[in-house]
Amino acid sequence: LPRVLSGIQPTAGSFHLGNHLGALRQWVALQETTEAFYCVVDLHAITVPQDPAELRRNSLVSAAQLLALGVDPERSALFVQSHVPEHLQLSWVLECLTGFGEASRMTQFKDKSQREGTAGTTVGLFTYPVLMAADILVYQAQQVPVGDDQRQHLELTRDLAIRFNGRFGDTFPVPEGVIPEGAARVMDLQSPDKKMSKSLPPAGCIFLLDDPKVTAKKIRSAVTDTGREVVADPVEKPGITNLLTIHSTLSGSTVAELEERFAGRGYGDLKKELAEVVVDFVTPVRARTQELLDDRAELERVLAAGAARAREVAVGTVAAVYDRVGFLPPT
Ligand code: TYM
């Protein structure tokens, strides 16, 4: 079976609709046909300042949401990144293969460091993409389901795999991104020129764990475009196009079908119906997440089993890598 790895940050506690439509629904689909490893990347979450109690809580909430969305712990290894120390062991080796200039060109680093300011920018934020490469390569994963914003990080991962193989002999498959056709980049509802993100004001971001009333209101208040026809046009109508994409991905209707159905009706009708579609989707996810959180012992058992399964693979990769780069075995 092909191996799959993906990760998600626990930073906001609740995931948002961009996470789900761009990545998580693919996580769930891929477990049918692959051997999948899915992690809550808490190590990545401390590259910007965090509150310790909140991080612990958010890691649990994240794991519960992944289960609620359909990650099946019988099929896939679901775990917390810091429980598998081999990610860090491989990360160091990969850091020593990454050019300083190469890392400096990562646009997410440039954006985030600008936001944090010079004083707040850490070396961890800088090396973040190398740790991500290690997450993937430590499982010798071939497929990585992610949204569009991770393309550049994936390209770095591929370059590092090729470089390591060239220097030390064939060790890593060169992984491919699994990036969806529609919804690879869900846009903010208030600023449809920006991707939906937890770091923008919350009015434009649909959090899966929001109160459904809040969710419906956010959708009804989404900014729309000039004109009144419900048609997809990313340049002239970025707001409506985004709403149509979200609807289509969740409901299974094609964008063309939706355009036809809303012909002669206004933006308001689309938003009203979309609010229902989204609320119908998030309501059970929210309830199931809460249920899972109520049985913390069981949740922790799932994560421990996931980490044990992940380590079985990761320990082997690190042993091979340590040997190939020339470390003396500690016997
Ligand atoms: P993160 O936690 O920011 O996001 C998790 C996943 O959601 C996708 N995503 C989106 N997709 C569509 N539209 C959006 N507006 C949107 N916002 C986020 C992301 O592309 C991602 O797939 N660096 C990663 C976490 C990571 C990782 C890994 C991913 C760490 N190690 C190894 C894959 C493999 C990140 O910050 O994702």
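Each ligand, and each atom within it, is numbered from 1 in the order the structure gives.
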Using 30° and 60° as the class limits, which term best fits the ring planes of Phe262 and His247: parallel, tilted or perpendicular? perpendicular
CD on Glu236 to OG1 on Thr226, rounded to 0.5 Å: 7.0 Å
Quick one: are the ring centres of Phe15 and Phe207 less than 6.0 Å apart? no
What's the spacing between Tyr322 OH and Leu328 CG if we round to 0.5 Å? 13.0 Å
Give every pair formed by an N or O atom of ligand 1 and a protein N or O atom closer than 3.5 Å, one pair per line with both atom names and the distance to 0.1 Å, or write none.
| residue | atom | partner | partner atom | Å |
| --- | --- | --- | --- | --- |
| ligand 1 | 2 (O) | Gln9 | N | 2.9 |
| ligand 1 | 4 (O) | Asn19 | ND2 | 3.3 |
| ligand 1 | 7 (O) | Asn19 | ND2 | 3.1 |
| ligand 1 | 11 (N) | Gly18 | O | 3.1 |
| ligand 1 | 13 (N) | Val186 | N | 2.8 |
| ligand 1 | 15 (N) | Val186 | O | 2.9 |
| ligand 1 | 15 (N) | Met196 | N | 3.4 |
| ligand 1 | 15 (N) | Met196 | O | 3.0 |
| ligand 1 | 20 (O) | Gly147 | N | 2.9 |
| ligand 1 | 20 (O) | Asp149 | OD1 | 2.4 |
| ligand 1 | 22 (O) | Gly147 | N | 3.2 |
| ligand 1 | 23 (N) | Tyr128 | OH | 2.7 |
| ligand 1 | 23 (N) | Gln150 | OE1 | 3.1 |
| ligand 1 | 31 (N) | Asp135 | OD2 | 2.6 |
| ligand 1 | 36 (O) | Gln9 | NE2 | 3.0 |
| ligand 1 | 36 (O) | Tyr128 | OH | 2.7 |

Glu35 and Arg75 ion-paired at < 4.0 Å: no
Classify the ring geometry between Tyr128 and His44 as parallel (under 30°), tilted (30 to 60°) or perpendicular (over 60°). tilted
